[in-house]
Amino acid sequence: MINYIEFWRHGRAVECTGLENQQGCKPFRGSNPLASAMKNPRVRFAPSPTGYLHIGGARTALFNWLFAKQNNGKFLLRIEDTDLERSKDEYIDQITDALKWLGLNWDEDIVLQSKNNDRHQEMVAKMLKDGTAYKCFLQKEELDNLRKESEQRKEIFRVPQTFRNLSPEKEKALIEEGKSFTVRLKVPKGETEFNDLVYGSIKVQNKDLDDFIIARSDGSPTYNFVVAVDDADMKISHVIRGDDHLANTPKQILVYKALELDVPIFAHLPMILGSDKKRLSKRHAATNVQEYKEKGFTSKVILNYLSLLGWNPDSDKEIFDENELINSFQFKQVQKKSAVFDEKKLLWISQQHLSEMSVRDLMNEIYALNSGWGDGLEWEYLKEVVKLIKDRSKTITEIASMSEIFFTDKLDYDSDLLSKTYNDKSIAIIKDFKSALTSIENWSRVELENIFENLMEQHDVAIGQVMKPIRVALSGIPFGPGIFDLILLLGKDICQIRLRHTLSEVE
RNA sequence: GGCCCGUUCGUCUAGUGGUUAGGACUCAUGGUUUUCAUCCAUGCAACAGGGGUUCGAUCCCCCUACGGGCUGCCA
């Protein structure tokens with residue numbers, strides 16, 4: 001078993017045919033019941049539909065997906081919708097939409113946990129029959145009191161095992177009395193150990209676990225029970241999830257063992273924290289995938305950044321596409337400590353991606369975000385617009401918003417900027433520029449350069465002093481595309497309109 | 001309280017029983033550029049603390065502190 005764990009931690013299936021002599025990489029043996037599952041691993045992402053897809057959930061999904069793709073396995077989706085109070089159908093759609101947007105497509109049909117209720121009941125019944133679980137007639141109030149008492153006495157609270165070995169007659173009597181009961185797993189003596197792909201060997205004493213409840217007094221099964229049954233039914237070979245489940249894993253292993261099911265391999269991923277080092281929550285700026293989409297990050301950017309939280313590629317490379325991630329991902333490079341989400345770095349990653357994207361792809365991204373973008377304008381014109389501003393943008397929304405200056409005749413000028421930019425001299429410069437434009441013969445870069453040189457001479461100033469007032473008049477912002485590119489793309493008429501408009505504002 | 005997990009620059013991280021503890025983001029400074037952005041260069045900045053083991057510990061062991069998770073008839 002250890003060999004397999006080493007195997008999955010360090011190597012990819014294709015590298016480990018058994019012919020290699022790679023360290024930690026042993027060939028499969030047919031005797032292991034999980035061997036076939038391991039060649040084609042089955043993993044799952046199992047969100048609760050109680051909110052939008054969280055950024056941490058997205059990373060969990062991503063790592064599952066990467067592992068499945070890398071090893072020719074299946075990536076499954078299970079919706080844990082058994083909490084009727086909080087689960088909502090609209091969230092199921094939100095989550096699946098977000099996963100689709102990210103490109104984390106799942107194999108096979110979505111499993112709705114709520115549909116497995118009969119199966120869960122069946123398994124509870126089986127455990128009762130097998131004697132691996134028992135009916136506990138301790139009432140909630142009694143339990144609460146006992147807990148309180150031992151707290152007062154500063155003792156460690158343990159659930160009393162009063163009903164562990166109740167005779168059938170007594171049991172029947174209690175039921176006839178109308179006593180309600182929960183079903184508890186009969187935790188065996190000893191210890192439970194497993195080898196986490198990230199955290200290594202984890203061992204707990206079973207006595208610290210208590211006979212935990214697998215079915216409530218209303219008959220509904222509890223999480224730690226259900227998750228094990230469902231994972232087993234779905235033939236999940238590797239359970240990859242957040243490390244908030246680390247401490248629950250031994251309980252789940254006891255369920256597998258009680259039901260004589262194959263225990264999967266576990267890999268727990270460190271949490272993602274906000275800038276205050278607290279668990280990412282609604283207190284933080286943005287926590288769900290949808291928000292980042294709206295902020296203008298492409299799915300590839302999100303995937304790239306998320307992959308770097310809690311994992312490192314064992315090289316200096318930081319910009320990855322999906323295929324590169326699939327090829328590089330390794331559990332042994334996964335961090336044990338939680339990682340802080342840093343939007344600055346996200347922006348940098350985004351910028352790197354944008355600079356490598358084609359104008360056409362960028363335009364598609366812009367349209368996906370805002371279908372009305374550049375309405376009524378020529379495709380070729382829009383292409384030029386994007387070409388001019390793409391290298392100056394960190395996000396898709398930045399491109400979209402900066403492109404606005406190319407979409408109207410008249411601009412809304414910022415009065416502070418105008419008063420800072422214009423004085424008698426700079427007003428004289430744009431006036432001269434305006435008349436030079438009127439008499440321009442060839443609408444070309446060379447011609448424009450000549451005009452600028454003349455203006456510099458006439459007014460005895462450096463190019464910056466010519467450029468700045470013209471730029472502000474034409475674009476309304478003190479930065480942006482090269483001035484000649486700007487003028488050429490806007491065209492003579494719009495330039496004239498904007499110069500006139502500026503003059504009317506400042507004079 | 002008990003159990004489990006973690007702790008290298010502000011952030012993401014690399015790293016080894018002997019290193020000037022490396023890279024990336026951020027920030028600062030300088031350079032290139034018609035502005036901005038890019039790009040380049042330089043700089044700031046870390047081994048949580050205390051004990052051991054050792055000739056020598058950031059690295060191995062123990063303790064403490066801090067942080068997180070679990071401890072529920074939530075998932």
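The figures that follow rest on heavy atoms only: side chains count, while hydrogens, waters and symmetry mates do not.
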Asker: Please give the nucleotide sitting opposite B/C55 as a Watson-Crick or G-U wobble pair, both distances under 3.5 Å, or none.
Answerer: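 Matched B/C55 with B/G18 under the 3.5 Å cut-off.
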Asker: Rounding to the closest angstrom, what is the interatomic distance between B/C59 and B/A14 at atom C1'?
Answerer: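 Taking atom C1' in both B/C59 and B/A14, they lie 13 Å apart.
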Asker: Any base atoms under 4.0 Å from A/L346, or only sugar-phosphate, or nothing? Heavy atoms, all strands.
Answerer: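 Result for A/L346 = nothing.
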Asker: Return the nearest nucleotide to the side chain of A/Q335; candidates are B/G15, B/U35, B/U13.
Answerer: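 Nearest to the side-chain atoms of A/Q335, counting from C-beta on, is B/U13.
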Asker: Have a look at A/G242 and say if it touches a base, only the backbone sugar-phosphate, or nothing, with a 4.0 Å heavy-atom cut-off.
Answerer: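 No contact.
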Asker: With a 6.0 Å cut-off on the ring centroids, do A/H268 and A/F331 count as close?
Answerer: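 No: the rings miss the under 6.0 Å criterion.
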Asker: How far does the C1' atom of B/A57 sit from the matching atom of B/G51, given to the nearest Å?
Answerer: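 13 Å, rounded to whole Å.
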Asker: Do A/D81 and A/Q113 have a side chain donor and acceptor closer than 3.5 Å?
Answerer: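 There is no such pair (donor and acceptor under 3.5 Å, judged by atom type) between the side chains of A/D81 and A/Q113.
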Asker: Sticking with atom P, work out how far B/U16 lies from B/A21, rounded to a whole angstrom.
Answerer: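 Nearest-Å result for B/U16 against B/A21 at atom P: 15 Å.
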Asker: Would you say A/Q152 places a side-chain N or O within less than 4.0 Å of OP1 or OP2 belonging to B/G1?
Answerer: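 For B/G1, neither OP1 nor OP2 has a side-chain N or O of A/Q152 closer than 4.0 Å.
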Asker: Grab the CZ-P distance between A/F452 and B/U35 for me, whole Å please.
Answerer: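 Result: 12 Å.
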Asker: Without decimals, in angstroms, what is the distance between A/D485 CG and B/U33 P?
Answerer: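 The distance from CG of A/D485 to P of B/U33 comes to 17 Å, rounded to the nearest Å.
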Asker: Is the distance between the ring centroids of A/F63 and A/F329 less than 6.0 Å?
Answerer: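 Yes, they do, as the ring centres are separated by less than 6.0 Å.
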Asker: What do you reckon, are the aromatic ring centroids of A/F266 and A/Y199 less than 6.0 Å apart?
Answerer: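 When the ring centroids of A/F266 and A/Y199 are compared, they turn out to be at least 6.0 Å apart.
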Asker: Would you measure the distance from the C1' atom in B/C12 across to the matching atom in B/U71 and give it in whole Å?
Answerer: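 One C1' to the other, the span is 32 Å.
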Asker: Whole angstroms only, please: what is the CG-C1' distance between A/D314 and B/C12?
Answerer: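 These atoms are roughly 15 Å apart.
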Asker: Checking contacts here: which listed nucleotide (B/U35, B/G10, B/U13) is nearest the side-chain heavy atoms of A/M467?
Answerer: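 Selected nucleotide: B/U35.
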Asker: Return the nucleotide paired to B/C36: Watson-Crick means purine N1 to pyrimidine N3 with N6-O4 or O6-N4, wobble means G-U with N1-O2 and O6-N3, both under 3.5 Å.
Answerer: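 Its partner: none found.
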Asker: Could you give the distance separating B/G69 and B/A46 at their C1' atoms, to the nearest angstrom?
Answerer: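 After rounding to an integer number of Å, I get 26 Å for this pair.
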Asker: Taking the six-membered ring for Trp, are A/F452 and A/F484 closer than 6.0 Å centroid to centroid?
Answerer: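 They qualify: ring centres under 6.0 Å apart.
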Asker: How close or far is atom C1' of B/A37 from atom CZ of A/R471, stated in whole angstroms?
Answerer: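 In whole Å, B/A37 C1' lies 11 Å from A/R471 CZ.
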Asker: Classify the nucleic acid contact of A/G464 as base, sugar-phosphate or nothing, counting any heavy atom under 4.0 Å across all strands shown.
Answerer: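 It contacts nothing in the nucleic acid.
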Asker: Are A/Y413 and A/H501 close enough that their ring centers fall under 6.0 Å?
Answerer: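 Close enough - the centres of the two rings lie under 6.0 Å apart.
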Asker: For the side chain of A/F479, starting at C-beta, report the closest nucleotide among B/U8, B/U38, B/C36.
Answerer: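 Comparing B/U8, B/U38, B/C36 against the side chain of A/F479, the answer is B/C36.
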Asker: So that I can tick it off, tell me whether A/E80 and A/R44 are bridged by a salt bridge, with the cut-off set at under 4.0 angstrom between side-chain N and carboxylate O.
Answerer: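 Here A/R44 does not pair with A/E80 in a salt bridge, since their nearest N and O are not under 4.0 Å apart.
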Asker: Please measure how far the C1' atom in B/U54 lies from the corresponding atom in B/C60, and state the result in whole Å.
Answerer: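 Their C1' atoms lie roughly 10 Å apart.
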Asker: Could you tell me the separation between the CD1 atom of A/I451 and the P atom of B/U34, rounded to a whole number of Å?
Answerer: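 Whole-Å distance recorded here is 19 Å.
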Asker: When the C1' atoms of B/U8 and B/G23 are compared, how many Å lie between them, rounded to an integer?
Answerer: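 Pairwise C1' distance, B/G23 against B/U8, rounds to 13 Å.
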Asker: Mind checking A/R445 for me? I need base, sugar-phosphate or nothing, with any heavy atom below 4.0 Å counting as a touch.
Answerer: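 Here A/R445 touches the bases of the nucleic acid.
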Asker: Considering only side-chain heavy atoms of A/R392, which listed nucleotide, B/A24, B/U35, B/C25, is closest?
Answerer: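 Side chain of A/R392 sits closest to B/U35.
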Asker: Please name the nucleotide paired to B/C73 by Watson-Crick or G-U wobble geometry with both distances under 3.5 Å, or report none.
Answerer: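 Per the H-bond distance test, none.
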Asker: Flag yes if more than 12 heavy atoms outside A/K186 fall under 6.0 Å of its NZ atom; otherwise flag no.
Answerer: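 Atom NZ in A/K186 is crowded, with more than 12 foreign heavy atoms closer than 6.0 Å.
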Asker: What distance, rounded to whole Å, do you find between the two C1' atoms, one in B/U58 and one in B/U7?
Answerer: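 The answer is 12 Å between these two C1' atoms.
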Asker: What is the distance, rounded to the nearest whole Å, between atom NZ of A/K345 and atom P of B/C27?
Answerer: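 Result: 13 Å.
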Asker: In whole Å, I'd like the distance from the CG atom of A/N304 to the C1' atom of B/A24.
Answerer: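 From A/N304 CG to B/A24 C1': 13 Å.
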Asker: Measure the distance from NZ on A/K394 to C1' on B/U26 and round it to the nearest whole Å.
Answerer: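 Atom NZ in A/K394 sits about 11 Å away from atom C1' in B/U26.
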Asker: Measuring to OP1 and OP2 of B/A24, would you say a side-chain N or O of A/K344 lies under 4.0 angstrom away?
Answerer: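 No, no such contact exists.
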Asker: If we call it a pair only when both distances are under 3.5 Å in a Watson-Crick or G-U wobble match, what pairs with B/U42?
Answerer: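 Its partner is B/A28.
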Asker: Mind checking if A/P481 touches a base, just sugar-phosphate, or nothing, with heavy atoms under 4.0 Å?
Answerer: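 Base, at least one base heavy atom under 4.0 Å.
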Asker: State whether a side-chain donor-acceptor pair under 3.5 Å links A/S48 with A/T50.
Answerer: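 Result is no, nothing qualifies.
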Asker: Does the side chain of A/Q465 pick up a donor-acceptor pair with the side chain of A/S426 at under 3.5 Å?
Answerer: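 No pair is found: no donor N or O on one side chain lies under 3.5 Å from an acceptor on the other.
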Asker: Mind checking who B/C66 pairs with, Watson-Crick or G-U wobble, both distances under 3.5 Å?
Answerer: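 Its partner is B/G6 (Watson-Crick or G-U wobble, both distances under 3.5 Å).
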Asker: What is the per-nucleotide protein-contact pattern of nucleotides 57-75 of chain B, from the 5' end, where B denotes a base atom under 4.0 Å from a protein heavy atom, S denotes such proximity for sugar-phosphate atoms only, and - denotes neither?
Answerer: -----------SBSSSBBB
Asker: A/I483 or A/E155: which one's nearest nucleotide on RNA chain B is closer to the 5' end?
Answerer: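 Mapping each residue to its closest nucleotide by heavy atoms, the 5'-most match is A/E155.
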